[in-house]
Amino acid sequence: MKLKVNGKSRSFAGAPFKRLIEVLREDFGLTGTKEGCGEGECGACTVLVDGEPVNSCLIPVCSVEGRRIETVESLGNPGKLSPLQEAFMERGGAQCGICTPGMLMTATAWIKGGGSAAPGAIRECLAGNLCRCTGYQHIVDSVARAVKGKGGGKRR
Amino acid sequence: MTSVGVSHRRKEGPEKLCGLAKYIDDLSLPGCLHGVTLRSTINCGTIKSIDFETGFPWQEYVRVSAMDIPGRNLVALIEEDQPLLADRKVMHPHEPILLLAHPDRAKAYEALKHIRVQYEALEPVLTMEDSLAVKRALYKENNVFKSFLIEKGDIVKGFESARYTVEGEYRVWHQEQAYIENNGMAAWVEPDGTVTVQGSMQCPYYIHKALVKIFGLPEEKIRVIQSATGGGFGGKEEYPSMIAGHAALLAWKAKKPVKIVYDRAEDMPATTKRHPAIVRHKTALDKNGKLLAQDIDVVMDGGAYATLSSVVLSRGTLHAAGPYECPNVRVRSRVVATNTPPNGAFRGFGAPQTLFAVELHMEKIARAVKIDSLTLRRRNLWKEGSTTATGQVLSESVGACEALEHTVKKSGYVRKVKEYASWNRNAKKKTWKGVGLSLVHHGAGFTGSGEVYLASKAGLSITEDGRLQVLAASTEIGQGTNTMFSQIAADALGVPFDWVEVENPDTKFVPNSGPTVASRTTMVVGGLVRRAALAMKEALAKEGLVLKTPSDVKKAAKLLCGSEPIRRFIVQYEKPAEIVWDDATYKGDAYGAYAYAALVADLEIDKTTFEVKINKLTTAQDIGKAVNPLLAEGQIIGGTAQGVGYALLEHCVYKDGAMVNGQFTNYIIPTAMDTPAMDVKIVEKPYSRGPFGAKGVGELPMDTPGPAIAAAVNFAAGVWITELPLLPERILKAINETQGQR
């Protein structure tokens with residue numbers, strides 16, 4: 001079957017009910033997407049399917065045949081971070097980093113969908129992504145900063 | 001220089017944000033097998049037989065049992081009582097018995113269903129009460145892993161002169177660390193016979209020590225490497241030694257790399273939890289609410305093996321009397337054995353349990369003596385010159401008062417106490433509102449003489465091509481070690497932050513700077529890094545060289561390395577002469593310094609669902625010096641959020657001694673919506689022996705939410721609950737009981 005992953009056409013010939021997360025990590029080598037619970041509770045495995053955030057640990061690859069998949073690897077690279085990643089650097093949105101790819105993908109959909117910078121609304125949007133390090137506040141600050149069109153910039 | 005005190009960006013941040021940081025499950029090892037663990041299904045008893053189903057393709061599998069261990073069947077830690085694999089005797093549910101490895105992960109798990117273990121089960125000991133009554137002897141003759149006694153003054157005299165005597169009992173249960181990255185470890189044997197493990201961990205040298213004993217190999221034949229680690233919180237302090245041993249044995253027997261990565265449903269029930277505790281207080285006060293005597297009794301549940309329980313109890317004991325001056329104190333404590341999985345390290349390490357008790361007890365005292373709890377705290381809190389329960393005179397860096405006063409003012413605590421009392425009298429309102437306060441201290445570094453025994457080493461190196469690298473086994477687990485070390489080294493050496501790198505913790509390249517625990521990384525190891533950088537600076541000064549430009553670093557490399565590829569400046573911990581501690585009497589300077597925090601919780605309770613919604617948390621925390629304010633604030637907010645979970649949501653359900661809700665579906669940790677906005681103020685009362693004045697910060701914020709939220713809930717609902725978590729059903733029950741009494 002064919003999928004479009006991070007703008008590239010990919011084909012997959014394995015078991016059709018293999019979980020999307022395993023196809024991404026094992027078959028396509030995209031290990032940026034993380035598995036935290038395997039039951040759709042923690043959101044660490046969040047990727048975008050046609051722009052919508054989904055838990056890639058819960059969906060069989062056959063259900064996304066022909067669709068557009070975006071993972072954290074699509075955002076930026078260490079030499080050139082995306083504005084959202086810049087905002088996370090600036091406001092301390094990543095600590096241990098394991099929830100970060102999922103957070104970034106949920107936030108990417110939020111920003112692309114015209115989501116607001118209001119902290120309460122951002123908290124609601126991120127409620128499906130668990131983080132145990134940050135207490136969320138710096139993640140909320142980071143997303144709000146990105147919504148306002150600010151990435152990196154002046155240090156506090 | 002201006003690196004310390006600046007919120008420099010996280011060193012390894014870009015790799016984490018781009019999905020490039022390699023956690024252990026991301027590491028690709030050619031020919032790797034997947035290891036799985038067969039675990040006990042009983043609490044206590046003897047293994048009679050292990051039967052492998054005939055017809056199953058066992059030839060595809062590598063199997064390891066206790067018999068295969070070349071050295072000692074032991075997870076070396078403080079005591080030598082915990083086996084790496086159960087050999088006949090089983091002491092708790094989920095105890096590892098047998099290991100299997102297969103190239104296919106699913107097939108490895110499948111095989112576990114085709115093994116039958118026959119047991120002769122014994123009646124287990126599941127509660128602290130049964131353990132103390134020695135229903136069965138699990139550890140020595142009395143089931144006590146460790147006990148402590150602190151005595152100050154004469155408590156009998158204290159109670160004789162008391163105007164008020166107030167007693168209370170407080171109870172807390174297990175808590176799961178719930179790092180989002182499950183435990184995992186890979187292992188292989190190098191062609192020269194070096195047993196190498198790489199994985200998710202806090203303490204590379206704990207694992208190193210354990211593997212030396214398991215394999216009976218010399219130290220240089222064991223190598224431990226940290227991979228990117230997705231959170232620890234204590235949960236990756238001691239248990240990784242077990243997993244590393246398992247993976248290494250499988251790899252050694254298979255002659256292939258082996259990876260063991262737990263899934264959530266295995267990690268939660270099988271690995272360590274916060275110790276449950278029962279704390280009893282009896283307090284004597286004079287007519288003004290001044291403390292005259294504190295008599296405190298602590299019991300903790302250690303689980304089936306000693307692991308770290310003795311030191312968890314030590315910290316719990318040393319924090320049990322709170323940050324208050326009292327002339328007569330007795331703290332008696334013990335940690336006991338039960339047939340449950342061993343409890344272990346979790347952020348705060350015994351202190352959140354005992355501080356919950358003493359702080360909530362302040363509220364009970366306030367009710368009894370009719371002096372509000374804020375005034376009580378003001379009258380008794382530590383100031384410079386105060387003497388602690390162990391007789392330590394606090395000569396500097398005591399920010400308890402500043403933390404309290406800032407928090408009270410900023411939160412509007414006094415005004416809200418009045419406002420909410422009035423709100424709660426209005427029966428038409430759909431909620432009750434409450435506000436609660438807590439004040440805590442937290443000692444940084446190992447307890448008492450612990451740092452002397454550790455004798456940690458850390459360093460700074462320069463390579464021949466001019467790279468400056470911090471050398472320490474202290475791990476980056478999200479808290480910001482890499483960034484903080486770089487800032488300290490940069491300022492001590494007098495170079496920009498960006499010039500300093502941090503070597504990955506790998507026992508082949510870094511000295512043993514001790515475990516990444518006990519809020520010690522900044523204060524203790526950061527202090528060593530600073531000294532190492534100063535040693536390098538001094539060596540350069542002797543040559544007349546000051547590092548101003550990148551070409552100076554090239555010159556320095558040539559000067560210092562000579563013909564060698566690297567020059568290392570390694571320093572070792574030295575106990576300040578004025579810090580004196582006696583392990584036998586538990587008297588003296590328990591910690592070099594304490595950090596302080598106050599917190600006000602502002603919440604409301606839905607009168608229909610009894611759900612608690614926290615509207616605001618306000619806190620001020622004295623950490624000496626924030627080396628990196630943004631990272632320090634991240635520690636405070638994150639630790640407070642874990643405390644919110646401990647207070648309101650996190651309930652480990654145990655049935656027959658085993659956790660039965662070991663999934664995120666039904667073990668609930670706070671989401672972004674459960675976690676309120678926090679107002680954080682960092683107070684800086686510098687500590688003269690900490691690097692740039694810094695004390696510890698990692699554990700401190702975990703201590704405050706439990707008692708403050710419990711006080712606020714009790715205030716709001718007009719009840720007296722002395723147990724966490726404050727689940728809606730517990731609040732409802734307390735309301736029904738209170739109304740029944742009226």
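Note that the structure is predicted; figures quoted are calculated from it, not measured.
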To the nearest 0.5 angstrom, please state how far the CG atom of B:Asp674 sits from the CD1 atom of B:Ile668. 8.5 Å
What is the distance from atom CD of B:Glu604 to atom NZ of B:Lys613, rounded to the nearest 0.5 Å? 6.0 Å
Side chain from CB out, backbone as N, CA, C, O: work out which of these in B:Leu20 comes under 4.5 Å of a heavy atom of chain A, or both, or neither. side chain
Okay, B:Ala21 and chain A: the region with an atom under 4.5 Å from a heavy atom over there is backbone
Identify which part of [X] has an atom lying under 4.5 Å from any heavy atom of chain B, answering side chain, backbone, both or neither.
| X | result |
| --- | --- |
| A:Leu130 | both |
| A:Ala44 | side chain |
| A:Thr100 | side chain |

Determine whether [X] and [Y] make a side-chain contact, defined as any pair of heavy atoms from C-beta on separated by less than 4.5 Å.
| X | Y | result |
| --- | --- | --- |
| B:Arg9 | A:Glu86 | yes |
| B:Thr640 | B:Ile636 | yes |
| B:Thr272 | B:Phe346 | no |
| B:Gln198 | B:Ser227 | yes |
| B:Val6 | B:Phe497 | no |
| B:Cys203 | B:Thr475 | no |

Flag the one option from [options] with the top tally of heavy-atom pairs under 4.5 Å to chain B.
| options | result |
| --- | --- |
| A:Leu104, A:Thr33, A:Leu75, A:Leu30 | A:Leu104 |
| A:Glu73, A:Glu124, A:Gln85 | A:Gln85 |
| A:Gly135, A:Gly32, A:Cys125 | A:Gly135 |

Can you list the residues of [range] that sit under 4.5 Å from chain B, counting heavy atoms only?
| range | result |
| --- | --- |
| residues 50-69 of chain A | none |
| residues 105-120 of chain A | none |
| residues 8-29 of chain A | A:Arg25 |

Flag yes if more than 12 heavy atoms outside B:Lys616 fall under 6.0 Å of its NZ atom; otherwise flag no. yes
For B:Glu110, I'd like to know if atom CD has over 12 heavy atoms of other residues, nucleotides or ligands within 6.0 Å. yes
Flag for A:His138-B:Glu633: side-chain donor and acceptor within less than 3.5 Å: yes
In terms of side-chain heavy atoms, does B:Asp602 have a donor or acceptor partner in B:Asn615 at a distance below 3.5 Å? no
Is the closest basic N to carboxylate O distance between B:Glu699 and B:Arg347 below 4.0 Å? no
Are any of the side-chain nitrogens in B:Glu181 or B:Lys236 under 4.0 Å away from the carboxylate oxygens of its partner? yes
Checking A:Glu41 side chain against B:Gln663 main chain: does a donor-acceptor pair fall under 3.5 Å? no
Which of [options] touches chain A most, by non-hydrogen pairs under 4.5 Å:
| options | value |
| --- | --- |
| B:Met268, B:Glu476, B:Gln479, B:Gln177 | B:Gln177 |
| B:Thr229, B:Asp25, B:Asn182 | B:Asp25 |
| B:Pro676, B:Cys18, B:Gly634 | B:Cys18 |
| B:Ala265, B:Gly638, B:Ala641, B:Gly13 | B:Gly638 |

Positive for side-chain contact (heavy atoms from CB on, under 4.5 Å) with B:Glu650, one of B:Gln175, B:Arg274, B:Gln642: B:Gln175
Cationic tip of B:Lys16 within the cone over B:Tyr23's six-membered ring, i.e. under 6.0 Å and within 45° of the normal? no
Minimum heavy-atom separation for B:Pro269 and B:Arg264, please, with both atom names. CD-O, 4.1 Å
Going by salt bridge (Lys or Arg N to Asp or Glu O under 4.0 Å), name the residues that satisfy it together with A:Lys34, two or more places apart in sequence or in a different chain. B:Asp26
